[in-house]
Number of protein chains: 2
Amino acid sequence: MARSRQLNERMREERKEQILSSALHLFATKGLFATKIKDIAKAVGMAQGLVYHYYESKDEIYVELIKNALEKLNTAVFSLRDMPQPPHEKIIMAIEQLFKTIESSHDFTQTCRLIAHATNSTAIPEDARKLIVEKRDIPYREIAKIMADGQKEGTIVEADPDELAVVFWTSINGLAIYKATRQDTTTVPDAGILARMFLKEGNHGTKSKTFPG
Amino acid sequence: MARSRQLNERMREERKEQILSSALHLFATKGLFATKIKDIAKAVGMAQGLVYHYYESKDEIYVELIKNALEKLNTAVFSLRDMPQPPHEKIIMAIEQLFKTIESSHDFTQTCRLIAHATNSTAIPEDARKLIVEKRDIPYREIAKIMADGQKEGTIVEADPDELAVVFWTSINGLAIYKATRQDTTTVPDAGILARMFLKEGNHGTKSKTFPG
DNA sequence: GTCTATATCCAGATAGAC
DNA sequence: GTCTATCTGGATATAGAC
């Protein structure tokens, strides 16, 4: 009967989600090679062999996670692009949002950490490598466009938009890793400090909610 | 005879250096666990077993490299601290120097990458972990002091000096990793973009060599 | 679906000849 | 000092019982 087939399907998906979730945490903190299938199984609470009932290999789990992470990131970037605000407000919003997320979302910093591991190591599965090379430039391109628009508008600092984008993302990235590796007492700096790099004087009101209209 | 003993000693040290150098490159690009002793031996051009004539274990090589990396970094920071320039010039100098080094020194970006791997992973030898926890805050503290001095002087932006230091180093770090993972065509952005975050208006002359006196 | 047991392989580290 | 050969443990992945 279709009913129970669907239910089984659903339960299988849930189980796979559990594995992914545990694996994300472990890959993010320990990296691909230091994480053993046994660790993942233990974290989920299943026998080591059972993992292979859901995934063919450790690499498959890893590639799946990398794919999810890149998609999540790029979706966020595109939604930023499609917002109605003027460029300099987008930049402010993006920085504030990213800082807030770094501060509060464990899942997000884990994801950043996963990607950091992946981009920083050449010893990752071929499929993962391909995905990363394919997708990693998208956020840079989109931010560069916003920077260029802001320059036309006169609100963004005069400098090569591509370079601004590189500084934008590398700074965010560095900060996310910093936060991820010192969960404890650490607090994230004020977003205004970063914003100052990109905005011309007179547009620094990162805290002001007084948008026109 | 003391002569030949010294010579032997020297040759042994040179051989150890070769191992360290190859290991740095491999650990930096692949990480600790993905790097096999065999890889290191191959890179040096010796048999796998011979590595153990010079080091007791893979971990020992790794810890040695981490120690060197942290020392190098902290030495540079202290020499910055001891310079005669006023604070805002120190910040400019530091950024320009770091950007230049990121641009040109393969060894430096490898070192950054090694430390990035190490700080980003919890699965490293206990000794390495201890070294990192012990030493990693020194650069932050020193830069924070310079920022605070600059604020008294009126040349550095008003913001929590600790937060400025965090943004300073995380941005540099993010950029170093960016560069390390795309050696190819990529160029490093203009140092002035970062400098703008920390300096009050009117002190942005990162390119001007017109120091007073 | 879940477990235990195991085949297989690989890598760290050691032993011993030259 | 250097090599080859080997011991040993551990991890991936599979097989097979329940």
Side-chain angles (χ1 to χ4, degrees), chain A residues 1 3-23 26-27 29-65 121-128, chain B residues 1 3-23 26-27 29-66 117 121-128:
Chain A
M1 351 130 108
R3 181 80 54 87
S4 70
R5 243 208 322 273
Q6 265 193 0
L7 190 65
N8 281 349
E9 189 70 12
R10 223 187 108 71
M11 283 173 66
R12 186 179 164 84
E13 281 311 308
E14 265 175 27
R15 214 83 170 102
K16 291 184 84 168
E17 279 303 319
Q18 289 177 349
I19 292 173
L20 282 183
S21 166
S22 294
L26 287 161
F27 286 146
T29 50
K30 302 169 64 163
L32 170 60
F33 291 89
T35 300
K36 310 302 173 187
I37 289 286
K38 206 170 138 186
D39 301 334
I40 298 173
K42 203 175 178 183
V44 178
M46 60 172 59
Q48 185 257 2
L50 187 52
V51 173
Y52 291 92
H53 188 70
Y54 295 96
Y55 289 97
E56 286 199 343
S57 66
K58 192 167 82 163
D59 280 8
E60 201 199 351
I61 302 175
Y62 188 78
V63 172
E64 182 83 13
L65 283 170
S121 171
T122 59
I124 58 172
E126 184 53 30
D127 289 356
Chain B
M1 334 106 139
R3 182 76 59 85
S4 72
R5 243 208 320 273
Q6 265 193 359
L7 190 64
N8 281 348
E9 189 70 11
R10 221 186 110 72
M11 283 173 68
R12 184 178 166 83
E13 282 311 308
E14 264 175 29
R15 214 80 169 105
K16 291 183 84 169
E17 278 303 318
Q18 288 176 349
I19 292 173
L20 283 182
S21 166
S22 294
L26 287 161
F27 287 146
T29 50
K30 302 170 64 162
L32 171 60
F33 291 88
T35 300
K36 310 303 175 188
I37 289 286
K38 206 171 138 184
D39 300 335
I40 298 173
K42 203 175 177 182
V44 178
M46 60 172 59
Q48 186 257 6
L50 186 53
V51 174
Y52 291 92
H53 188 71
Y54 295 95
Y55 289 97
E56 285 199 342
S57 66
K58 192 167 83 162
D59 280 9
E60 202 199 350
I61 302 175
Y62 189 77
V63 172
E64 182 84 13
L65 282 171
I66 293 287
H117 268 299
S121 171
T122 59
I124 58 171
E126 184 54 29
D127 289 356

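Just so it is clear, the values below take in all heavy atoms, side chains as well, and ignore hydrogens, waters and symmetry mates. Proteins get letters first, then strands, A, B, ... in listed order; numbering begins at 1 in each.
Regarding B/Lys42, its NZ atom lies at a distance of 17 Å from the C1' atom of D/dC3, rounded to whole Å. Between B/Lys36 atom NZ and C/dC9 atom C1' the separation is 12 Å, expressed in whole Å. When the P atom of C/dG12 is taken as reference, atom CD1 of B/Ile61 falls 10 Å away, rounded to whole Å. At whole-Å resolution of the value, NE2 in B/His53 and P in C/dA15 are 15 Å apart. Following rounding to the nearest Å, A/Phe33 (CZ) and D/dA11 (C1') show an atom-to-atom distance of 13 Å. One interatomic measurement links the two molecules: CD1 of B/Ile40 to P of C/dA13, which rounds to 10 Å at whole-angstrom precision. Rounded to whole angstrom, the span from the CG atom of A/Leu50 across to the C1' atom of C/dG1 amounts to 6 Å. Distance, A/Asp59 CG to D/dA13 C1': 12 Å, rounded to whole Å.
Nearest nucleotide to the B/Tyr52 side chain, out of D/dG1, C/dC3, C/dA13: C/dA13. Listed nucleotides D/dT2, C/dG1, D/dT12 differ in distance to A/Lys58; the shortest reach to its side chain belongs to D/dT12. Out of D/dA13, C/dA13, C/dG1, the shortest distance to the side chain of A/Ser57 is found at D/dA13. Closest contact between the side chain of A/Tyr54 and the listed nucleotides C/dT14, C/dT2, D/dA13 involves C/dT2.
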- Query: Run the side chain to side chain contact (heavy atoms under 4.5 Å, CB included) check on A/Met46 and A/Ile19 step by step: do they pass?
  - Reply: CA-CA 10 Å; A/Met46 60 172 59; A/Ile19 292 173; 4.2 Å; yes

- Would you check, one step at a time, whether the test side chain to side chain contact (heavy atoms under 4.5 Å, CB included) holds for A/Phe33 with B/Leu32? CA-CA 9 Å; A/Phe33 291 89; B/Leu32 171 60; over 6 Å; no

- For the pair A/Val51 and A/Lys58, evaluate side chain to side chain contact (heavy atoms under 4.5 Å, CB included) and give the outcome as yes or no after the intermediate values. CA-CA 9 Å; A/Val51 173; A/Lys58 192 167 82 163; over 6 Å; no

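One can find a donor-acceptor pair under 3.5 Å joining the base of D/dA13 and the side-chain atoms of A/Gln48.
Put simply, NZ on A/Lys16 and CD1 on A/Ile61 are 9.5 Å apart, with the number rounded to the nearest 0.5 Å.
Across all strands shown, B/Met11 has no heavy atoms under 4.0 Å from either base or sugar-phosphate atoms. When heavy atoms are screened at a 4.0 angstrom cut-off, B/Ile37 is found touching the sugar-phosphate backbone but no base atom. Heavy atoms of B/Tyr55 sit nowhere under 4.0 angstrom from any nucleic acid atom.
Looking at B/Ser21, its side chain never comes within 3.5 Å of a backbone N or O of B/Glu17 through a donor-acceptor pair.
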